[in-house]
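Data first, discussion second: the structure below is written as structure tokens.
Note on naming: letters A, B, ... go to the chains in the order of the sequence lines (proteins, then strands), and numbering restarts at 1 for each one.
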Amino acid sequence: MKRIKIKELLLSKDFGKEVIVEGWVRTRRGNKNVSFIAINDGSIIHSMQVVVDIAVFGEEALKNITTGACIKVKGILVESQGQGQPVEMQAKEIQLYGTSDPESYPLQKKGHTLEFLRSIAHLRPRTNTFGAVLRIRHNMAFAIHKYFNDKGFYYIHTPIITGSDAEGAGQMFRVSTLDPHNLPKTPEGKIDFSQDFFGKETNLTVSGQLEGELAAMALSEIYTFGPTFRAENSNTPRHLAEFWMIEPEMAFYDLEDNMTLAQDFVQYLVKYALENCKEDLNFLNEMYDKELISRLEFVVNNDFKRLTYTEAVEILMKSGEKFEFPVSWGTDLQSEHERYLVEKHFNKPVILIDYPKEIKAFYMKQNTDGKTVRAMDVLFPKIGEIIGGSQREENLEKLEARINELQIPSKDMWWYLETRKFGTAPHSGFGLGFERLILFVTGMANIRDVIPFPRTPKNAEF
RNA sequence: UCCUCAGUAGCUCAGUUGGUCAGAGCACCUGACUGUUAAUCAGGGGGUCCUUGGUUCAAGUCCAAGCUGGGGAGCCA
């Protein structure tokens, strides 16, 4: 007889049927005559209540069935006599797979702080909160592939090890097989990377965008979805050193098309969560954020406000709001400015476009005003920037001029520039931080609580 | 990296002007209870007061440095 997942059994009406469940004990309680075991197998947030007649099993047999233990139960599925669950199991046989010393098992029946759970990341998937977050995370990953597949986008695997620092997006993690205690040196005394594994200096990727553009110049509409690494010493609830990013890149899309896709994409994902993760969202709504579900519904049902950077600066200057940092055209907007626009002025997600070229990356399409570029940032309540993207500069001369202006070493970028040389095309794309999406969908406050094993400065445990 | 707050039992925390200050709740263990729902009730065990150094007759308490964590900022996704 095969086990049946608790998710399935809780919906079952096969009362009187003999079934098997396997899972981990959440709690056991009761008295001299009867014992109740809550067993959870992670298939759903709810546990199965197993009712044990102590006269049949004996107290000794139940002694090791403690919180955290793993057991197999064969029993009869019955309608629950108690409140709180529709069905329960009357135990006939119990097999103990693994004990769990209650003295040292760190998870209790009572709630723990998220900070403490981070220190036991190997066990926190066994909590209701992380079970919910991890199931939602899975559903969002699946929905991302489904969305793009249904739209005819192709999934491209861009390299994780890169030989170019093209984007210049902050500090990178070096990839090397050189012996750090005995580094080969060039005659000039510098490290001789020609002797390294790849014969050159290599790093972990900070973005798959440039390679994504290459694929879009052949397959029209593509997306990447992979790990991304930033060695920035960022200590905030919104940054990780290792995170996952989705980067669609589309030939023949202008910035308007790009914005339309970004909004449709995010709304699809949030709607997917509302429809497919109802039980987990209800739990998070109840325990962490009473406005979570209404906020998700609002995002699904309302267009994002689109406006230019210049318009945003005017709104901020006229707002009368006292900002810590003054607003002026040409400087990047501060968190407080973005929050004002999203949470106070428009009270909905905002897409800002046409930023000053000085504060944006070299590859963004230059506007005819000579001052701004076709950039877009999608700003969300509570988490700020969730998407950053742009229409790309497809004109070779303009792109090269910008590269020279910024003194970007273009030696390693010949292949990128050749897309503008051979059959260039208008195209656009954006990057969505996967964990930031999960933050928004789950209502969690810290990005370290939406990835199973967070990598942050001074922390690579587990 | 900067600003700021914190670190005392397995967890969450209290600990006053430096002088019975080693404490509480929960968890755990034992017992009671005829169906529990974070069960309830009674009892019990449990400590590197983050680390190092300093001030003092005396430091959980004051000072310095460091480590770790939270919040805010910057960088960004």
Let's see if you can work this out: which of [options] has an atom nearest to the side-chain heavy atoms of [X]?
X	options	answer
A:Arg448	B:rA39, B:rA77, B:rG70	B:rG70
A:Met245	B:rG74, B:rA77, B:rG70	B:rA77
A:Ser80	B:rU36, B:rA77, B:rG74	B:rU36
A:Arg118	B:rU36, B:rG70, B:rG74	B:rG70
A:His239	B:rG70, B:rA77, B:rA73	B:rA77
A:Gln49	B:rC76, B:rU36, B:rG74	B:rU36

Next on the checklist: Centre-to-centre under 6.0 Å for A:Tyr223 and A:His145, is that the case here?
Outcome noted: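 Centroid distance A:Tyr223-A:His145: below 6.0 Å, so yes.
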
Next on the checklist: Less than 6.0 angstrom separating the ring centers of A:Tyr147 and A:Phe265, yes or no?
Outcome noted: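 Judged by ring-centre distance (under 6.0 Å), A:Tyr147 and A:Phe265 do meet the cut-off.
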
Item to check | Verify stack between A:Phe243 ring and B:rA77 base, 5.5 Å, 30 degrees | outcome: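 Yes.
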
Is the shortest side-chain N/O distance from [X] to OP1 or OP2 of [N] below 4.0 Å?
X	N	answer
A:Asn446	B:rG71	yes
A:Arg238	B:rG74	no
A:Arg29	B:rU36	no
A:Gln334	B:rG74	yes
A:Ser335	B:rG72	no
A:Lys458	B:rU68	no

Distance, rounded to the nearest Å, where [X] contributes [atom1] and [N] contributes [atom2]:
X	N	atom1	atom2	result
A:Asp377	B:rA77	CG	P	8 Å
A:Met376	B:rA77	CE	P	12 Å
A:Leu439	B:rC76	CG	P	19 Å
A:Leu333	B:rC75	CG	C1'	15 Å
A:Ile383	B:rC76	CD1	C1'	13 Å
A:Glu242	B:rA77	CD	C1'	14 Å
A:Leu114	B:rG69	CG	C1'	13 Å
A:Asn235	B:rG74	CG	C1'	11 Å

Gap in Å between the two [atom1] atoms, one belonging to [N] and one to [M], rounded:
N	M	atom1	value
B:rG60	B:rC28	P	32 Å
B:rC67	B:rU51	C1'	7 Å
B:rU17	B:rC41	P	35 Å
B:rU1	B:rG46	C1'	41 Å
B:rU61	B:rU52	P	13 Å
B:rA9	B:rA22	C1'	10 Å
B:rA73	B:rU12	C1'	29 Å
B:rU36	B:rA32	C1'	16 Å

Checklist entry - Could one point to a donor on the side chain of A:Ser234 or the base of B:rC75 with an acceptor on the other under 3.5 Å away? => result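 Looking at the base of B:rC75, it does pair with a donor or acceptor on the side chain of A:Ser234 (distance under 3.5 Å).
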
Given that both distances must come in under 3.5 Å, which nucleotide forms a Watson-Crick or G-U wobble pair with [N]?
N	answer
B:rA42	B:rU30
B:rA64	B:rU52
B:rC2	B:rG72
B:rU20	none

Item to check | A:Phe434 and A:Phe225: CA distance, side-chain angles, deciding distance, ring-ring contact (aromatic ring centres under 6.0 Å, His included) verdict | outcome: CA-CA 9 Å; A:Phe434 186 53; A:Phe225 186 178; 5.0 Å; yes

Checklist entry - Please walk me through it: do A:Tyr253 and A:His427 pass ring-ring contact (aromatic ring centres under 6.0 Å, His included)? => result CA-CA 5 Å; A:Tyr253 275 50; A:His427 64 291; over 10 Å; no

Checklist entry - With the threshold set at 4.0 Å, does a side-chain nitrogen-carboxylate oxygen contact exist between A:Lys5 and A:Asp41? => result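 The answer is no: the pair does not qualify as a salt bridge.
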
Next on the checklist: Nearest 0.5 angstrom please: A:Ile37 CD1 to A:Thr27 OG1, how far?
Outcome noted: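 Answer rounded to 0.5 Å: 9.0 Å.
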
Item to check | Spacing of A:Met89 atom CE and A:Ile6 atom CD1 [to the nearest 0.5 Å] | outcome: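 Reported value, rounded in 0.5 Å steps: 8.5 Å.
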
Next on the checklist: Taking the nucleotide of RNA chain B with the nearest heavy atom to each, does A:Ile447 or A:Thr456 sit closer to the 5' end?
Outcome noted: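 With A:Ile447 and A:Thr456 compared, the 5'-side residue is A:Thr456.
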
Next on the checklist: Please check if the number of heavy atoms outside A:Met287 that lie under 6.0 Å from its CE is greater than 12.
Outcome noted: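 Counting other residues, nucleotides and ligands, CE of A:Met287 stays at 12 neighbours or fewer.
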
Next on the checklist: Expected output is a numbered-order residue list: members of residues 62-73 of chain A with a heavy atom under 4.0 Å from any atom of RNA chain B. What is it?
Outcome noted: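 The answer is none.
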
Checklist entry - Going by distance alone, is a donor N or O of one side chain under 3.5 Å from an acceptor N or O of the other, for A:Gln108 and A:Thr67? => result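 Their side chains do not contain a donor-acceptor pair, so the 3.5 Å distance test is not met.
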
Item to check | Matching residue for A:His46 among A:Gln85, A:Lys7, A:Glu279 - test: side chain to side chain donor-acceptor pair (under 3.5 Å) | outcome: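 Result for side chain to side chain donor-acceptor pair (under 3.5 Å) with A:His46: A:Glu279.
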
Checklist entry - Along nucleotides 3-13 of chain B, 5' to 3', which nucleotides get a B, which get an S, and which get a -, given that the test is a protein heavy-atom distance under 4.0 Å? => result -------BSS-

Next on the checklist: Working note: A:Phe380 + A:Phe304, criterion ring-ring contact (aromatic ring centres under 6.0 Å, His included); need CA distance, chi angles, decisive distance, verdict.
Outcome noted: CA-CA 9 Å; A:Phe380 261 43; A:Phe304 301 176; 5.6 Å; yes

